[in-house]
Amino acid sequence: AEGMRLWNESPIFGQGPNSFRELSMGINSVARPSGAEHPHALLLAIGSEQGLLGVVAFIGLAGSVALAALFARRPLATAHRLSLAGDVDSGRPRSRLIPPLPAVVTVSAAAAVAAFFVAGIADFAMRNPLSRTAVFLYIGWALAGYRMLRCQGPAAGSSSPVSVDSHELNGAETTTS
């Protein structure tokens, strides 16, 4: 209730960074939180302190990570589909396809960011400096992996899965007859 009230007082720019604690203490209200440092919801905390501009920036950042993950999903799906097909025609054991590393990094980091944002529905962990650092590190990894995938492109050949024989994985050499 207090976070929404503070956001309504200054909807465009918000009340300012880290202002929730001081501003909510000076309110004589039944809904006033006693000793609360933040409104316990990520969007409400961003909205009350940074306003609509902060919320739009946050949604843009989250959207860019989601789009990066969707773009990186294609090489992973291709590797999985080709692995399931196997080497039926040659009679050799099925080879394992290793997806490109930038795609794996992008999707994994985006999943970590998504988990953090889902947890932000009920809590505001961004107050914790370690959590804040980890989230921005994951965002950086997701966007860097996306950029690597975009730079490689289909012409470079690096964005396609790499085939690894099951014998090579076990350390045995393959021989051709």
Side-chain angles (χ1 to χ4, degrees), residues 1-81 83-84 98-152 159 161:
E2 286 302 310
M4 199 62 181
R5 185 192 61 75
L6 290 173
W7 191 359
N8 285 334
E9 285 181 7
S10 183
I12 304 296
F13 298 108
Q15 299 292 338
N18 298 324
S19 62
F20 180 82
R21 184 174 185 174
E22 285 92 32
L23 293 175
S24 66
M25 292 298 221
I27 302 302
N28 256 347
S29 167
V30 178
R32 182 177 70 84
S34 59
E37 294 184 14
H38 51 82
H40 288 75
L42 186 59
L43 281 177
L44 196 55
I46 293 171
S48 66
E49 293 183 354
Q50 279 86 34
L52 186 61
L53 292 177
V55 170
V56 168
F58 170 76
I59 290 173
L61 186 62
S64 66
V65 171
L67 287 175
L70 286 175
F71 179 81
R73 193 179 59 120
R74 178 172 287 164
L76 295 177
T78 301
H80 181 68
R81 187 177 58 251
S83 286
L84 291 178
I98 299 175
L101 183 61
V104 174
V105 168
T106 301
V107 171
S108 301
V113 171
F116 185 84
F117 289 163
V118 167
I121 293 171
D123 195 11
F124 185 57
M126 289 287 270
R127 285 278 183 245
N128 182 337
L130 183 60
S131 297
R132 187 172 40 239
T133 302
V135 166
F136 283 108
L137 180 67
Y138 294 142
I139 289 170
W141 283 348
L143 297 179
Y146 169 73
R147 183 173 179 180
M148 288 177 66
L149 282 171
R150 295 286 296 188
C151 289
Q152 289 175 352
S159 63

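Any value given below was found using the heavy atoms of this structure, including those in side chains, with hydrogens, waters and symmetry copies removed.
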Going from [atom1] on [X] to [atom2] on [Y], what distance comes out if it is rounded to the nearest 0.5 angstrom?
| X | Y | atom1 | atom2 | answer |
| --- | --- | --- | --- | --- |
| L52 | I46 | CG | CD1 | 12.0 Å |
| T106 | R150 | OG1 | CZ | 12.0 Å |
| Y146 | L67 | OH | CG | 7.5 Å |
| L53 | F58 | CG | CZ | 15.0 Å |

Item to check | Residue R132 excluded, over 12 heavy atoms near CZ under 6.0 Å | outcome: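 Correct, the count exceeds 12.
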Checklist entry - If you count the non-hydrogen atoms of other residues, nucleotides and ligands that lie under 6.0 Å from OH in Y138, is the total more than 12? => result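 Counting other residues, nucleotides and ligands, OH of Y138 stays at 12 neighbours or fewer.
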Checklist entry - Please walk me through it: do F116 and I139 pass side-chain contact (heavy atoms from CB on, under 4.5 Å)? => result CA-CA 11 Å; F116 185 84; I139 289 170; over 6 Å; no
[X] side chain vs [Y] backbone, donor-acceptor pair below 3.5 Å:
| X | Y | result |
| --- | --- | --- |
| S10 | Q15 | no |
| S48 | A45 | yes |
| S64 | L61 | yes |

How close do [X] and [Y] get, counting heavy atoms only, and between which atoms?
| X | Y | value |
| --- | --- | --- |
| W7 | L43 | CZ3-O, 4.2 Å |
| L149 | P75 | CD2-CG, 4.4 Å |
| L143 | A68 | CD2-CB, 4.2 Å |
| S19 | E49 | N-OE2, 3.7 Å |
| V104 | P99 | CG2-CG, 3.9 Å |
| A142 | A110 | CB-N, 4.1 Å |

Checklist entry - Below 4.5 Å, heavy atoms only, C-beta onward: do F117 and V65 meet side chain to side chain? => result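 Sidechains of V65 and F117: no contact.
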Checklist entry - Is there a side-chain contact between Q50 and P17 (heavy atoms, below 4.5 Å)? => result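 The answer is yes, as the side chains (C-beta and beyond) meet within the 4.5 Å cut-off.
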